[in-house]
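Remember, it's a predicted structure, so these values are computed and weren't measured experimentally.
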Amino acid sequence: MNKQNHLEYGPEVITFGETMALLMPSGGKGLEYSSELHSLFGGAESNVAIGLSRLGVSAGWFGRLGKDPLGRMIFKKIRGEGVDVSRAELTTEAPTGLMMREVLMGKTSVYYYRRNSAASRMTPQHVDEAYIAQAKILHVTGITPALSESCRESAFEAIRMARKHGVKVSFDPNLRLKLWSLDEAREVLLEMAKLADIFLPGLDELKLLYQTEDWDEIVAKLRELPAISIVKGGDDETYVVDADSIQAVPYFKANQVVDTVGAGDGFCAGFLTGVVKGYDYTEAVRLGNLVGSLIVQTEGDWEGAPTWEQVEAILNDVKHIER
């Protein structure tokens, strides 16, 4: 594997976690009845890294993949999107994780085959402090600590390293109740939120984590955190919540909705792009909203992620010339 040295001029945003092979039925059929499956891949963190790279931000992703055909496919495709994978590892210890997804009657169901995967065997020794230290932002999710005790330790160790070196910590809880219980998740995710500079929860996640449907109570809880909170999943807007104000940023309307998975990761990529470019949080959220709306118009977790040129054309209302 290529171990290029990126420490001096390394990625501006670094993220890490499990990326899995993804199989989806063709023609909108259920998995049970489909004889053909599309071979794709996805993972919240690599989705964000690819989204950032397409938007012109240097991004790095690391994690553990099986040294098998699926792992090699994932590694090469992430690298092919311009993401630095110099700290990713292909291992013979365990296989690459797999997920299968179907959309029936407008409802998405995901089935995981990831227990004892290569990624679940990550330990703090796999986290490169020098690599994290040179970044501007470390983006972590609540999926990694749900995979295993050693992954949980690795996530907290990466956050500790980032804070030690003045690297901003961005945290998306990405609550996955198929991976752990709500009580277990609540304790860990709220602890991680306390260590973040930017907290990126969904409104539904906050209702579960804070055990309340009351918006005012949720805001009060968010204001106890040191982080700025960006709350996704409002009826028609995303909220920027700080100690003094709440700003609502309207969504961009999607022309069609094909696959909603990956919308939150697309939002994070757009938002973090804005942060790296020096936008204020409201403008960064506006960019995130746009990228999220584009992601859902394409099948797959990250395939619909736009380039910076495409985003600029939409924001500036540039007309498309067909021929």
Side-chain angles (χ1 to χ4, degrees), residues 13 15 17 42-45 47-52 55 108 110 137 139-144 146 168-177 182 185-186 189-190 192-193 196-210 212-223 225 227-242 245-254 257 259-276 279-298 301-302 304-306 311:
V13 182
T15 187
E45 300 85 5
N47 295 344
V48 171
I50 290 170
L52 284 161
L55 290 167
T108 300
V110 181
I137 298 172
H139 179 69
V140 296
T141 81
I143 298 173
T144 304
K168 280 189 175 181
V169 176
S170 163
F171 173 52
D172 185 340
N174 261 304
L175 180 60
R176 297 288 188 270
L177 294 179
L182 179 56
R186 182 181 291 118
L189 299 184
L190 291 181
M192 292 178 80
D197 298 288
I198 301 168
F199 185 35
L200 294 156
L203 182 56
D204 288 343
E205 291 173 322
L206 290 175
K207 290 175 180 178
L208 292 171
L209 293 174
Y210 290 136
T212 180
E213 296 276 329
D214 187 279
W215 172 241
D216 291 335
E217 287 184 37
I218 289 171
V219 169
K221 291 285 189 182
L222 292 175
R223 285 177 170 161
L225 299 174
I228 186 85
S229 294
I230 311 298
V231 182
K232 302 167 287 183
D235 288 337
D236 295 298
E237 51 211 1
T238 302
Y239 304 102
V240 182
V241 180
D242 61 22
S245 66
I246 301 173
Q247 298 181 66
V249 184
Y251 293 156
F252 282 81
K253 182 176 175 57
V257 177
D259 186 352
T260 59
V261 175
D265 302 329
F267 171 86
C268 288
F271 171 78
L272 292 174
T273 295
V275 173
V276 169
Y279 293 9
D280 64 35
Y281 285 124
T282 300
E283 282 302 305
V285 166
R286 183 168 180 260
L287 181 56
N289 284 348
L290 173 57
V291 176
S293 77
L294 295 173
I295 291 280
V296 303
Q297 298 183 57
T298 303
D301 288 28
W302 54 268
V311 165

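- Contact of the V13 side chain with the K168 side chain is not registered, since no non-hydrogen atoms from C-beta on lie closer than 4.5 Å.
- The closest side-chain heavy-atom distance from L189 to F171 is below 4.5 Å.
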With side-chain contact (heavy atoms from CB on, under 4.5 Å) as the criterion, how do L52 and T273 come out once you've worked through the C-alpha distance, each side chain's angles and the decisive distance to 0.1 Å? CA-CA 6 Å; L52 284 161; T273 295; 3.4 Å; yes

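- No donor-acceptor pair closer than 3.5 Å links the side chain of Y251 to the backbone N or O of D235.
- In this structure the side chain of E45 reaches within 4.5 angstrom of the side chain of I143, judged on heavy atoms.
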Can V231 and L222 be said to form a side-chain contact (heavy atoms from CB on, under 4.5 Å), step by step? CA-CA 10 Å; V231 182; L222 292 175; 3.8 Å; yes

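- Of all heavy-atom pairs spanning T141 and A44, the tightest one is CG2-CB, 4.4 Å.
- Heavy atoms only, all atoms of each residue included: G270 and L287 are closest at O-CD2, 3.3 Å.
- Inter-residue side-chain proximity for K221 and L190 is flagged as unmet; no heavy-atom pair is nearer than 4.5 Å.
- In this structure, the separation between CG on D172 and CG on D265 is 7.0 Å, given to the nearest 0.5 Å.
- The side chain to side chain contact (heavy atoms under 4.5 Å, CB included) with F267 is formed by just one residue from the set V291, I230, I295; it is I230.
- The side-chain heavy atoms of L55 and L272, taken from C-beta on, include no pair separated by under 4.5 Å.
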After noting the C-alpha distance and the side-chain angles of L182 and L175, does the key distance pass the side-chain contact (heavy atoms from CB on, under 4.5 Å) rule? CA-CA 9 Å; L182 179 56; L175 180 60; 4.1 Å; yes

Check the pair V241, F199 against side-chain contact (heavy atoms from CB on, under 4.5 Å), reporting the backbone distance first and the verdict last. CA-CA 10 Å; V241 180; F199 185 35; over 6 Å; no

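- Between G51 and A305 the shortest heavy-atom distance is CA-CB, 4.2 Å.
- Shown here for I246 and R223, the closest heavy-atom pair between the two residues is CG1-NH2, 3.6 Å.
- Between the side chain of T15 and the backbone N or O of H139, at least one donor-acceptor pair lies under 3.5 Å.
- E213 contributes no side-chain N or O that, together with a main-chain N or O of K207, makes up a donor-acceptor pair within less than 3.5 Å.
- The side-chain heavy atoms of Y239 and S229, taken from C-beta on, include no pair separated by under 4.5 Å.
- Using a distance-only test at 3.5 Å, with no hydrogens or angles considered, a donor-acceptor pair links the side chain of N289 to the main chain of V249.
- Taking CG of L208 as the reference point, atom CG of L203 lies at 10.0 Å (rounded to 0.5 Å).
- Summarising the geometry of A227 relative to A196, their closest heavy-atom pair is CB-O, 3.3 Å, with the distance given to 0.1 Å.
- By the 4.5 Å heavy-atom criterion applied to side chains, T238 and F271 are not counted as neighbours.
- Under a 3.5 Å cut-off, the side chain of R176 and the backbone N or O of G142 do not form any donor-acceptor pair.
- The two residues K232 and G264 come nearest to each other via the heavy atoms NZ-O, 4.4 Å.
- L206 CG to E217 CD: the interatomic distance, rounded to the nearest 0.5 Å, is 12.5 Å.
- The shortest distance between side-chain heavy atoms of F252 and R286 falls below 4.5 Å.
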